[in-house]
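Computed from a prediction, not measured in an experiment: that's the story for all the values here. Here is the naming used below: chain letters follow the sequence lines, and residue numbers restart at 1 for every chain. Note: hydrogens, waters and symmetry copies are ignored here, and every other heavy atom, side chains too, is used.
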Amino acid sequence: MKSSGSRPGAAPGRAAAPGRAAALGETALSRVVVPGSVAEAVTVQEELRPLVDLVGPGPSAPATVAGLDVAYGQGGDLLAAAVTVLDAGTLEVVDSAVSVGEPAFDYVPGLFAFRELPALLTALDRLSVLPDLLVCDGHGLAHPRRFGLACHLGVVTGLPAIGVGKTPLVGTWDPPAAERGAWSPLRDGGDVVGRVLRTQDGVKPVFVSVGHRMGLENATARVLALAQRYRLPETTRTADRLSRDALASAEQTD
DNA sequence: GCGACAG
DNA sequence: ATCTTGTCGC
């Protein structure tokens with residue numbers, strides 16, 4: 001991975017969008033701008049932020065839900081993005097896709113999305129089943145400029161999206177009660193930007209925030225429904241496993 | 001000025 | 001995110 005002061009982005013201006021049957025339409029992939037600097041990245045976020053739909057309420061009974069995650073290898077030069085689509089009722093994986101590539105941007109807190117977005121969208125484009133909801137590994141509105149990965153993915157794809165983070169990026173909160181389902185508001189700069197949600201009794205909570213076309217109440221319900229047995233949503237778990245497997249294959253075979 | 005800082 | 005040993009517990 002390259003890092004050159006004013007030019008964190010190692011890739012050209014736009015993500016490559018080879019001509020294949022696009023489940024998302026060519027719009028999603030072509031609308032992904034990979035900034036050439038931190039300043040430009042911030043500008044892109046501020047331009048896209050108004051496009052976020054926080055009214056929702058979003059699907060209360062989605063048929064399918066997708067999990068997205070990325071695994072890194074070789075000191076950060078290689079990455080594998082994975083998307084798994086689960087039947088919302090049985091939580092069985094009904095479709096999946098991966099995309100191996102390089103990080104599109106250096107890691108900068110608050111600009112994290114630019115790093116994984118191109119690969120995640122390529123993987124999404126390779127699905128044969130378009131999910132009703134995206135559950136992202138990272139935050140949505142719980143972001144310095146209210147435009148985290150989940151918002152970015154939602155706006156670019158037009159799909160409802162939720163952000164589920166394992167650790168905080170911004171905000172303050174009180175510890176939620178110890179029982180599964182308990183939550184407390186995540187506040188930042190006078191706004192409620194998400195919820196600190198306990199998905200399992202006595203287990204460290206997760207940070208839930210709206211990404212796009214969703215309400216916070218619904219987002220909370222969807223995450224709880226996906227985390228019946230473990231701390232993290234089943235979508236995140238299956239996508240995490242798939243991305244690691246894809247990375248392992250890419251590191252030996254290829 | 002000194003930390004904190006999604007993955 | 002990834003680098004890593006042992007350890008506690010179902």
Between protein and nucleotides 2-10 of chain C, what N or O pairs are separated by less than 3.5 Å?
none

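- Inter-residue side-chain proximity for A:E116 and A:Y72 is flagged as met; some heavy-atom pair is nearer than 4.5 Å.
- Think of the region where chain A sits on DNA chain B: with heavy atoms and a 4.0 Å cut, that region ends 5' and 3' at B:dC5 to B:dG7.
- Shown here for A:L68 and A:L134, the closest heavy-atom pair between the two residues is CD1-CG, 3.9 Å.
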Represent DNA chain B in dot-bracket notation, 5' to 3'. Only Watson-Crick or G-U wobble pairs with both distances under 3.5 Å count; pseudoknot-style crossings use [ ] and interstrand partners use |.
.......

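- Under the side chain to side chain donor-acceptor pair (under 3.5 Å) criterion, the residue pairs touching residues 186-209 of chain A are A:R146-A:D188, A:R146-A:D191, A:R195-A:E217, A:R195-A:T220, with sequence neighbours excluded.
- Using a 4.0 Å heavy-atom distance criterion, A:P144 is classed as making no nucleic acid contact.
- A distance-only check finds a donor-acceptor pair linking the side chain of A:D95 to the backbone of A:S128 [under 3.5 Å].
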Show, in sequence, the C-alpha distance, side-chain angles and deciding distance for A:R237 and A:E234, and conclude whether the salt bridge (charged side-chain N to carboxylate O under 4.0 Å, His left out) test is met.
CA-CA 5 Å; A:R237 293 168 48 78; A:E234 210 56 43; 3.5 Å; yes

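- Residues A:V70 and A:S243 have side chains not in contact (no heavy-atom distance under 4.5 Å, counting atoms from C-beta outward).
- Looking at heavy atoms from C-beta onward, A:H152 lies in side-chain contact with A:F114 at the 4.5 angstrom threshold.
- If you check every strand for non-hydrogen atoms under 4.0 Å, A:G163 touches nothing.
- If you check every strand for non-hydrogen atoms under 4.0 Å, A:G148 touches a base.
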For DNA chain C, the dot-bracket pattern of Watson-Crick and G-U pairs whose distances stay under 3.5 Å, | for other-strand partners
..........

Under 3.5 Å donor-acceptor pairs involving side-chain atoms of residues 159-173 of chain A, not counting sequence neighbours:
from	atom 1	to	atom 2	distance (Å)
A:K166	NZ	A:D137	OD1	3.0
A:K166	NZ	A:D137	OD2	3.4

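- Considering every non-hydrogen atom in both A:L111 and A:Q45, the closest pair reads CD2-OE1, 3.5 Å.
- Counting all heavy atoms, side chain and backbone alike, A:R115 lies closest to A:F105 at NH1-O, 2.8 Å.
- Residue A:L68 is out of contact with every strand shown, counting any heavy-atom pair closer than 4.0 Å.
- Closest approach of A:R126 to A:A97, counting heavy atoms only: CB-CB, 3.8 Å.
- Proximity of A:H139 to A:C151: side-chain heavy atoms (C-beta onward) are nowhere separated by under 4.5 Å.
- In this structure, the side chain of A:T64 engages the main chain of A:D132 through a donor-acceptor pair within 3.5 Å.
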